[in-house]
Amino acid sequence: MNSFEEIWLDCKNQLLNNIPPSVEKPFRMLDLKSINDDGVLTLSCPSNFYHSLVKEYIPQIENTVSEALNEEIKVNIVVEKPSGSKKTTQETIENKKTLNSSSKEKKPAEKKIKSNLNKKYRLDNFISGDNSAFAYEIAQIISKNPGTSYNPVLIYGGVGLGKTHLLQGIGNYIEEHNSDKTVIYTTAESFTNEFISVISKDINARTNFKKKYRKADVLLIDDIHFFEKKESTQEELFHIFNELYDRESLIVFTCDRPITELKNITDRLKTRFTRGTNVDLKPPEYETRVAIARQKMKNLGVKLSPDIVDFICTNVKTNVRDLEGAITTLGAALKITGKDIKIEDAREYLESWIVPEMLHSNKFTLNEIFSVTANYFNVSLVDMKSSSRKSHISVARQVGIYIAVKIGHFSQTEIGTFLNKDHTSISYTYNKLSSQIEIDESLKKAVKEIQIKLEQN
Ligand code: ADP
Ligand code: MG
């Protein structure tokens with residue numbers, strides 16, 4: 001017979017398949033504590049914040065467990081903070097990986113249309129900043145003149161930076177404005193699997209495969225790094241490429257790194273990939289992250305306070321998908337609890353789920369940053385926190401703010417609270433100093449020297 005622990009794990013898995021992804025994390029953190037003779041099952045969760053999210057689902061948990069045990073069970077969830085054990089980054093990353101992959105598995109089938117494009121990815125809802133300006137411009141040009149301007153085009157960049165969004169945005173634009181064009185979107189993985197399945201079938205299947213791709217006016221292939229080591233698929237693609245290229249069909253690829261870094265791709269195919277225009281997507285800057293966050297909130301009908309948006313955008317820097325994840329979950333928490341989300345809640349979520357290695361909690365405190373900076377400029381910490389506008393105090397304060405944002409990765413709200421100032425004035429000072437520092441060598445030197453002192457502290 002199964003131990004109750006096994007039964008609980010089964011129930012938990014069942015529940016995980018039936019709850020919104022936004023509460024997946026707190027659900028996974030639910031631990032079995034005990035079950036008593038009166039049929040009361042006690043579970044624990046690590047924080048009040050998580051408790052507020054999962055308690056809404058107690059009836060669902062009760063039903064699932066009652067059914068599994070064939071008796072009526074009542075559920076009680078208690079908050080039990082983990083005993084001082086902060087997860088290691090590695091553990092957290094691994095956790096994140098499993099969660100990410102499972103949420104991927106459960107992702108509902110995306111709305112498919114004949115070309116396989118997901119309608120939600122559009123050029124006009126792609127927010128472009130300095131990080132993506134060139135790629136975005138090329139995407140717009142080729143969408144308006146498919147095949148006759150830049151061709152082929154390769155978009156490369158790290159995970160979650162908008163490659164698929166841009167690629168499908170191109171396809172959707174062309175379909176809407178040029179309905180006679182045959183647009184084919186596929187991932188390198190699907191293309192490979194499709195090819196493998198036809199080679200084992202009769203000759204007709206293979207001919208149909210070739211025909212299908214060769215009739216594309218627009219061929220969009222996502223994640224071509226997947227073609228590494230797949231020699232026969234590469235060979236097939238090479239021939240398709242040549243034919244489409246000669247016919248001036250538009251060909252766009254995406255890759256998670258520059259082509260030069262791809263291994264095990266035949267040279268002749270590599271040359272084809274790089275023949276045209278290569279553009280990259282870099283992680284967005286703070287202002288672009290805020291613009292993206294605002295757009296996602298609007299789309300999702302989520303209203304997070306400016307402080308929380310600032311906090312998220314300060315910490316989630318390298319992956320727009322994570323930025324979306326943070327907004328979705330905190331938005332769901334807001335809806336479920338009906339209470340404002342506090343910075344501590346947001347921190348807890350981000351730390352354990354999205355960017356453990358980026359949060360500043362382990363580097364310098366605000367107190368250290370402002371004390372060392374005050375010392376450097378011969379003023380006191382009290383001066384720093386005061387509203388004095390004396391020029392030497394102002395400069396010290398401004399440099400402190402710059403360092404707290406840039407090096408300490410503190411959000412403008414946190415700095416504002418520390419200095420008794422509004423976060424907009426922190427934002428203003430930071431932007432002002434960011435441009436000044438470009439031209440003022442003495443400021444640059446001060447920041448460098450203070451950073452060294454902080455490191456030595
Ligand atoms: P990649 O293919 O590079 O891994 P995706 O295109 O899947 O990344 O993007 C991840 C998520 O982030 C998607 O939901 C996408 O809509 C969103 N996203 C990425 N970049 C932007 C942007 N610049 N503007 C709006 N949404 C974006
Ligand atoms: Mg992608």
Side-chain angles (χ1 to χ4, degrees), residues 96 100 104 110 117-146 149-174 183 185-189 218-228 250-263 265 270 272-296 299 312-328 354-355 357-358:
K96 182 179 155 193
N100 277 351
K104 204 168 167 189
E110 288 171 347
L117 290 165
N118 184 331
K119 284 286 178 197
K120 80 173 189 184
Y121 296 126
R122 303 176 54 86
L123 289 184
D124 57 18
N125 65 10
F126 184 89
I127 302 219
S128 164
D130 289 348
N131 62 310
S132 58
F134 186 48
Y136 187 57
E137 195 182 329
I138 297 286
Q140 285 178 309
I141 296 174
I142 57 177
S143 302
K144 286 176 189 152
N145 304 291
S149 43
Y150 300 96
N151 197 30
V153 170
L154 172 87
I155 303 167
Y156 67 92
V159 176
L161 290 184
K163 300 183 296 295
T164 298
H165 187 136
L166 215 45
L167 187 67
Q168 296 213 25
I170 295 167
N172 277 317
Y173 186 97
I174 298 175
V183 179
Y185 164 85
T186 185
T187 62
E189 186 175 1
V218 179
L219 177 62
L220 311 167
I221 304 190
D222 212 351
D223 295 330
I224 57 164
H225 42 272
F226 188 85
F227 286 132
E228 283 186 325
L250 171 65
I251 309 163
V252 191
F253 301 110
T254 72
C255 187
D256 68 355
R257 64 204 98 142
I259 290 295
T260 46
E261 286 173 26
L262 280 186
K263 296 187 188 79
I265 296 271
K270 257 192 196 176
R272 293 299 181 280
F273 287 150
T274 45
R275 185 186 262 175
T277 307
N278 286 220
V279 290
D280 69 336
L281 288 174
K282 294 201 179 65
E285 319 75 32
Y286 175 81
E287 290 76 6
T288 312
R289 297 200 292 278
V290 172
I292 295 173
R294 289 197 182 135
Q295 186 212 55
K296 302 291 170 195
N299 293 346
I312 295 174
C313 295
T314 304
N315 288 292
V316 184
K317 292 183 175 160
T318 54
N319 187 328
V320 179
R321 190 173 293 128
D322 283 348
L323 196 67
E324 270 185 3
I327 289 166
T328 318
I354 296 193
V355 279
E357 70 279 27
M358 277 183 206

Under the ring pair (Phe, Tyr, Trp, His ring centres under 6.0 Å) test, residues paired with Phe253 that sit two or more places apart | Phe273
Kindly determine whether Asp256 and Val159 satisfy side chain to side chain contact (heavy atoms under 4.5 Å, CB included), including the steps that lead there.
-> CA-CA 7 Å; Asp256 68 355; Val159 176; 5.5 Å; no
Evaluate the ring planes of His165 and Phe126, with Trp represented by its six-membered ring, and classify them as parallel (under 30°), tilted (30 to 60°) or perpendicular (over 60°).
-> perpendicular
What's the spacing between Leu167 CG and Tyr121 OH if we round to 0.5 Å?
-> 11.0 Å
Taking all non-hydrogen atoms of both residues into account, name the closest pair between Ala135 and Leu166 and its distance.
-> CB-CD2, 4.0 Å
Do Ile142 and Val252 have side-chain heavy atoms sitting under 4.5 Å apart?
-> yes
How about Thr187 and Phe226: do any of their side-chain heavy atoms sit closer than 4.5 Å?
-> no
More than 12 heavy atoms of other groups within 6.0 Å of Glu285 CD | yes
With distance as the sole test, does Gln295 use its side chain to make a donor-acceptor pair with the main-chain N or O of Asn125 at under 3.5 Å?
-> yes
Short question: side chain of Ser149, backbone of Asn145 - any donor-acceptor pair under 3.5 Å?
-> yes
So, Glu228 side chain and Lys263 main chain: donor-acceptor pair closer than 3.5 Å or not?
-> yes
State whether the side chain of Arg289 and the backbone N or O of Cys313 hold a donor-acceptor pair below 3.5 Å, judged by distance alone.
-> yes
Test side chain to side chain contact (heavy atoms under 4.5 Å, CB included) applied to Ile251 and Ile221, step by step | CA-CA 8 Å; Ile251 309 163; Ile221 304 190; over 6 Å; no
Would Ile312 and Ile327 count as a side chain to side chain contact (heavy atoms under 4.5 Å, CB included) if you check the C-alpha gap in whole Å, the side-chain angles of each, and the deciding distance to 0.1 Å?
-> CA-CA 8 Å; Ile312 295 174; Ile327 289 166; 4.2 Å; yes
Are Glu287 and Arg294 ion-paired here, with the side-chain N under 4.0 Å from a carboxylate O?
-> no
How far does CG of Asn131 sit from CG of Leu161, to the nearest 0.5 angstrom?
-> 8.0 Å
Mind checking whether Cys255 and Leu262 have side chains closer than 4.5 Å, heavy atoms only?
-> yes
For the side chain of Gln168 and the backbone of Asn118, is there at least one donor-acceptor N/O pair under 3.5 Å apart?
-> yes
Any side-chain heavy atom of Ile174 sitting closer than 4.5 Å to one from Leu250?
-> yes
Between Val218 and Pro146 the two heavy atoms that sit nearest each other are CG2-CB, 4.5 Å
Would you say Asp223's side chain and His225's backbone share a donor-acceptor pair under 3.5 angstrom?
-> no
For Lys282, look at atom NZ and say whether over 12 heavy atoms of other residues, nucleotides or ligands are found less than 6.0 Å away.
-> no
Working for side chain to side chain contact (heavy atoms under 4.5 Å, CB included), residues Ile292 and Val290 | CA-CA 5 Å; Ile292 295 173; Val290 172; over 6 Å; no
Just wondering, do Leu154 and Val279 contact through their side chains at under 4.5 Å, heavy atoms?
-> no
Please tell me if the side chains of Pro258 and Asn278 come closer than 4.5 Å, counting only heavy atoms from C-beta onward.
-> no
Donor-acceptor under 3.5 Å (Tyr136 side chain, Leu123 main chain) | yes
Excluding sequence neighbours, so at least two apart, what forms ring pair (Phe, Tyr, Trp, His ring centres under 6.0 Å) with Tyr286?
-> none
Quick one: does Ile127's side chain get under 4.5 Å of Thr288's, heavy atoms only?
-> yes
Between Arg122 and Asp124 the two heavy atoms that sit nearest each other are NE-OD1, 3.0 Å
Residues Tyr185 and Asp222: side-chain donor-acceptor under 3.5 angstrom | yes
With distance as the sole test, does Lys296 use its side chain to make a donor-acceptor pair with the main-chain N or O of Ala291 at under 3.5 Å?
-> no
Distance in Å, Lys163 NZ paired with Ser132 OG, rounded so as to fall on 0.5 Å steps | 13.0 Å
Taking atom CD1 of Ile141 and atom CD1 of Ile138, what is their separation to the nearest 0.5 Å?
-> 5.0 Å
With sequence neighbours left out, write down each residue that passes side chain to side chain donor-acceptor pair (under 3.5 Å) with Ser143, or none if nothing qualifies.
-> none
Non-hydrogen side-chain atoms of Tyr173 and Gln140 separated by less than 4.5 Å | no
Among Leu219, Leu220, Asn172, find the residue that satisfies the side chain to side chain contact (heavy atoms under 4.5 Å, CB included) test when tested with Val183.
-> Leu220
